[in-house]
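Take a look at the structure below.
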Protein chains: 2
Amino acid sequence: MLSNAAQYAIRSILYLALYSNATQRVRAKKISQDLEVPQPFLAKLLQRLGGADLVSSSKGPTGGFYLNKANRNKTVWDIIVTVDGTEKFNQCFLGLHTCSDTNPCPVHFSVSPFKQAIKKDFKGKTIAQFAEEIKKRGTVLSLKDFDALHE
Amino acid sequence: MLSNAAQYAIRSILYLALYSNATQRVRAKKISQDLEVPQPFLAKLLQRLGGADLVSSSKGPTGGFYLNKANRNKTVWDIIVTVDGTEKFNQCFLGLHTCSDTNPCPVHFSVSPFKQAIKKDFKGKTIAQFAEEIKKRGTVLSLKDFDALHE
DNA sequence: CCAATAAAGGACTAAATTATCTTTTTTTGT
DNA sequence: ACAAAAAAAGATAATTTAGTCCTTTATTGG
């Protein structure tokens, strides 16, 4: 449903929402280590996300990635669209591009409501709101317990 | 969520459930045309499905593929397991292999019920039952209206 | 100004998936 | 027996996705 790249992107941006701001920037290397994601691949990906105004960055010593106000008002759906495009996510479960409510495939009505729900969730909440929820609920972005490192 | 191969496999088997039996066999070429799936790729795939006892076949003129009794009692889940394995389907939406109800990722509780429901559906119904539903509801396996060709 | 640091950019490599091609084996009808 | 038809089998090719490496550019602190 999502490419590795899109998964990495979502996790990285939620990570930055939690642990960065304009003065506390995080290097690509640190993000890749904390999230256990291949470093050069992530670097490339962050570049793309920068181009799409989903993350901000600055060069040089003390440089790194962070989220500014605008970045925090984007949605998870924006990330998916930027990295994977919409087609992959919207596609019929059996790959039929004519599948719809009026011309359904055999599993359409099992699959469709959930996709709609997930999509609505991803479109309706900003990254900032998502990050708030993560803090409240204590959900997890990585295998490692890296919270300790940030306290 | 599913590979092209798994999608083709499901559609082909449901197709055979509807349009074949031990004496009315269907050639790989016809299936590929009706479902609009690459022919040599499908031939290979049907071979694998034969090996896994999900379809039956016979060689020579008048030969082709069909479903026997045993094949009709398999499930869509069996197809997915055979073609893709379980990992891909069960994997966390964000790719975290530690994600679970007790250690959830940020989208776990949006995504998890959906997966459970689909999986239950795919495990609980036989191909034969699925085919019955398709007949009743008139759902669709292809872009083309190939029903006419079978009447 | 200079050395160190970090992102940006571009070229390249690897792996997996998807798709094709060719040959062999089995079966059928004549 | 033989020719035609179809699946089985195995090798190969193309495409996409994932991942790496190297060079350039910008920024900071001394």
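Throughout, protein chains are lettered first and strands after them, A, B, ... in sequence-line order, and every chain is numbered starting at 1.
- In this structure, A:Lys29 reaches neither bases nor backbone, as no heavy-atom distance under 4.0 Å exists between it and the strands shown.
- For C:dA6, neither phosphate oxygen OP1 nor OP2 lies less than 4.0 angstrom from any side-chain nitrogen or oxygen of A:Ser58.
- One interatomic measurement links the two molecules: OH of B:Tyr66 to P of D:dA6, which rounds to 16 Å at whole-angstrom precision.
- For a distance-only test at 3.5 Å, the side chain of B:Gln47 qualifies as a donor-acceptor partner of the base of D:dA9.
- Of all nucleotides listed (D:dT25, C:dT20, D:dT20), D:dT20 comes nearest to the side chain of A:Pro38.
- The environment of B:Lys88 atom NZ is dense: over 12 non-hydrogen atoms of other residues, nucleotides or ligands sit within 6.0 angstrom.
- Between A:Thr62 and C:dT5 there is no side-chain N or O to OP1 or OP2 distance below 4.0 Å.
- Aromatic ring orientation, B:Phe89 versus B:Trp77: perpendicular (interplanar angle above 60°, classes split at 30° and 60°).
- Along DNA chain D, the nucleotide nearest A:Gly60 and the nucleotide nearest B:Phe65 are compared for position; the residue whose nucleotide lies closer to the 5' end is B:Phe65.
- Among the protein residues, A:Pro40 comes within range of the nucleic acid bases, having at least one heavy atom under 4.0 Å from a base atom.
- The distance between atom CG of A:Asn4 and atom P of C:dA14, rounded to the nearest whole Å, is 19 Å.
- Rounding to the nearest 0.5 angstrom, the gap separating the CD1 atom in B:Ile118 from the CE atom in B:Met1 is 5.0 Å.
- Applying side chain to side chain donor-acceptor pair (under 3.5 Å) to A:Glu133 and the options A:Lys136, A:Arg137, A:Gln129 leaves one that passes, A:Arg137.
- Atom NZ in B:Lys59 sits roughly 6 Å away from atom C1' in D:dA7 (whole-Å rounding).
- Across all strands shown, A:Ala28 has heavy atoms under 4.0 Å from sugar-phosphate atoms exclusively, and none from any base.
- For A:Phe114 and A:Phe93, the ring centers sit 6.0 Å or farther from each other.
- Atom P of nucleotide D:dA5 and atom NZ of B:Lys30 are separated by 18 Å, given to the nearest angstrom.
- Separating the OH atom of B:Tyr8 from the C1' atom of C:dT18 is a distance of 8 Å, rounded to the nearest angstrom.
- In this structure, B:Lys44 atom NZ and D:dG10 atom P are separated by 8 Å, rounded to whole Å.
- One can place CZ of A:Arg27 at 19 Å from P of D:dT27, the figure rounded to the nearest angstrom.
- When each of A:Gly50 and B:Lys88 is assigned the nucleotide of DNA chain C bearing its nearest heavy atom, the one mapping closer to the 5' terminus is A:Gly50.
- Between C:dA4, C:dA8, D:dA7, one nucleotide has an atom nearer to the side chain of A:Pro61 than all others, and that is C:dA4.
- For A:Ala5, the side-chain atoms get nearest to D:dA18 when compared with the rest of D:dA18, D:dA26, C:dT5.
- Straight-line distance from the CG atom of A:Leu42 to the P atom of D:dT20: 11 Å, rounded to whole Å.
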